[in-house]
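Order of the sequence lines sets the chain letters (A, B, ...), proteins ahead of strands, with each chain counted from 1.
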Protein chains: 2
Amino acid sequence: MRPAKTLERVVPIGTLAERTGVKVETIRYYEQVGLLPEPERSEGNQRRYGRAHVERLAFIKHARDLGFAVESIRTLLRLSDTPGMACDEAHAIAAEHLEEVRDKIARLRSLEAELARIATVCSGGVAASDCAVIEALADHSHCEHHSH
Amino acid sequence: MRPAKTLERVVPIGTLAERTGVKVETIRYYEQVGLLPEPERSEGNQRRYGRAHVERLAFIKHARDLGFAVESIRTLLRLSDTPGMACDEAHAIAAEHLEEVRDKIARLRSLEAELARIATVCSGGVAASDCAVIEALADHSHCEHHSH
DNA sequence: CCTACAACCTGTAGCCACTACAGCTTCAAG
DNA sequence: CTTGAAGCTGTAGTGGCTACAGGTTGTAGG
């Protein structure tokens, strides 16, 4: 009997996928774009991953889950590989991304307000002769805010 | 002397672009995917738009600005062309989109919280030996919330 | 009437971050 | 040794544009 999967040190791509929650195709994609280094291969040319790969892929997944762009992750990985790490740069990337996320939230909130107004008018007791949703889209002057 | 541009009833694509704030290439794209009907052509095969096109494109732009998918806009346009309009369906599309926007906001807020925590720790008075941003990304257990 | 040049035309490729095949080969359990 | 899951490469598709390349047309000034 072989050791349990969670204990094996050298694993095929499917097991790496299970452990990290990243799909097999996505792992190969990350390799292709240079986020994940090319692993060793079996005699039959299949990828064999070690502990370092698991950790690196977990890093990538976490960063992607937080919405970092692949390009930013490339930089963050490079920084984390650097001995005398440039923490300033890592912090700048995180701060910039935080700004982007906040901008996106602000924009979505403005959309939300406008959509809520449109949808509410329509579901409310407006005369059914014309559809309020269609009307609102046809005529921008119905908008309360023109920021969008 | 010709009438001023804003008064002309039949205009080329560039003028339509100016009036609606939609780029020329995007207008051609909308035609290609069937949102905007094919206009008449000049003798030299150039597109000539009338008032109806301006209104339809304004509708499309407004809907896109509100984040509706092209596919939803296709349906909304079909509904608006229908005499006995199915307002229910239009309302359902708007309501569904509002839900999506709210979901997106919720997800982004959770990201924002996590990112703010990471960025703040790093800019705060943490010992400089290891970078908190890199650490946080490397080790998911540092997260307070595991929802993402 | 002619020239110059902006605006137009079609068609194709690129962007991001995957995802989904098609058509093979390899691995491992029974 | 057989079978079937899992692996392999390479390509195309997603959404909603955007950006060319390489040509044609429209129009204002001279």
Of the nucleotides [options], which has the atom closest to the [X] side chain?
X	options	value
R64(A)	dC17(D), dT9(D), dA17(C)	dA17(C)
Y30(A)	dC18(C), dT19(C), dT25(D)	dC18(C)
A69(A)	dA17(C), dC8(D), dC17(D)	dA17(C)
V24(B)	dT10(C), dT18(D), dC8(C)	dC8(C)

Could you give the [atom1]-to-[atom2] distance, from [X] to [N], as a whole number of Å?
X	N	atom1	atom2	answer
I73(B)	dG16(D)	CD1	C1'	10 Å
I60(B)	dC17(D)	CD1	P	10 Å
L35(A)	dA17(C)	CG	P	9 Å
I13(A)	dC27(C)	CD1	P	15 Å
Y29(A)	dG10(D)	OH	P	17 Å
L36(A)	dC18(C)	CG	P	13 Å
I27(B)	dC8(C)	CD1	P	9 Å
E100(B)	dG15(D)	CD	P	14 Å

First of Y49(A) and F68(B) reached from the 5' end of DNA chain D, by closest nucleotide: Y49(A)
In terms of the nearest nucleotide of DNA chain D, which residue is placed more toward the 5' end: R48(B) or R28(B)? R28(B)
Bend angle of the helix from dC1(C)-dG30(D) to dG30(C)-dC1(D), end axes from five pairs each (to 10°): 10°
Can you establish whether the number of heavy atoms outside R51(A) located under 6.0 Å from its atom CZ is more than 12? no
Are [X] and [Y] within salt-bridge range, i.e. N to O under 4.0 Å?
X	Y	value
E112(B)	R109(B)	no
E25(A)	R28(A)	no
E71(B)	R74(B)	yes

So, does R47(A) get its side chain near the phosphate of dG7(D), meaning an N or O under 4.0 Å from OP1 or OP2? no
Is R41(A) near enough to dC27(C) that one of its side-chain N or O atoms lies under 4.0 angstrom from OP1 or OP2? no
Quick check: on DNA chain C, is the nucleotide nearest G14(B) upstream (toward 5') of the one nearest S42(A), or the reverse? Name the residue that is more 5'. G14(B)
If you pin T26(A) and N45(A) to their nearest nucleotides in DNA chain C, which one's is more 5'? T26(A)
Is there a donor-acceptor pair under 3.5 Å between the side chain of H97(B) and the backbone N or O of L115(A)? no
Counting distance only, does the side-chain N/O of S110(B) pair as donor-acceptor with the main-chain N or O of A106(B) below 3.5 Å? no
Cluster question for you: counting only ILVMFWY and a side-chain heavy-atom cut-off of under 4.5 Å, with indirect links fine, are V33(B) and L77(B) together? yes
Side chain to side chain contact (heavy atoms under 4.5 Å, CB included), paired with R107(A), selected from D103(A), I105(A), L111(A): D103(A)
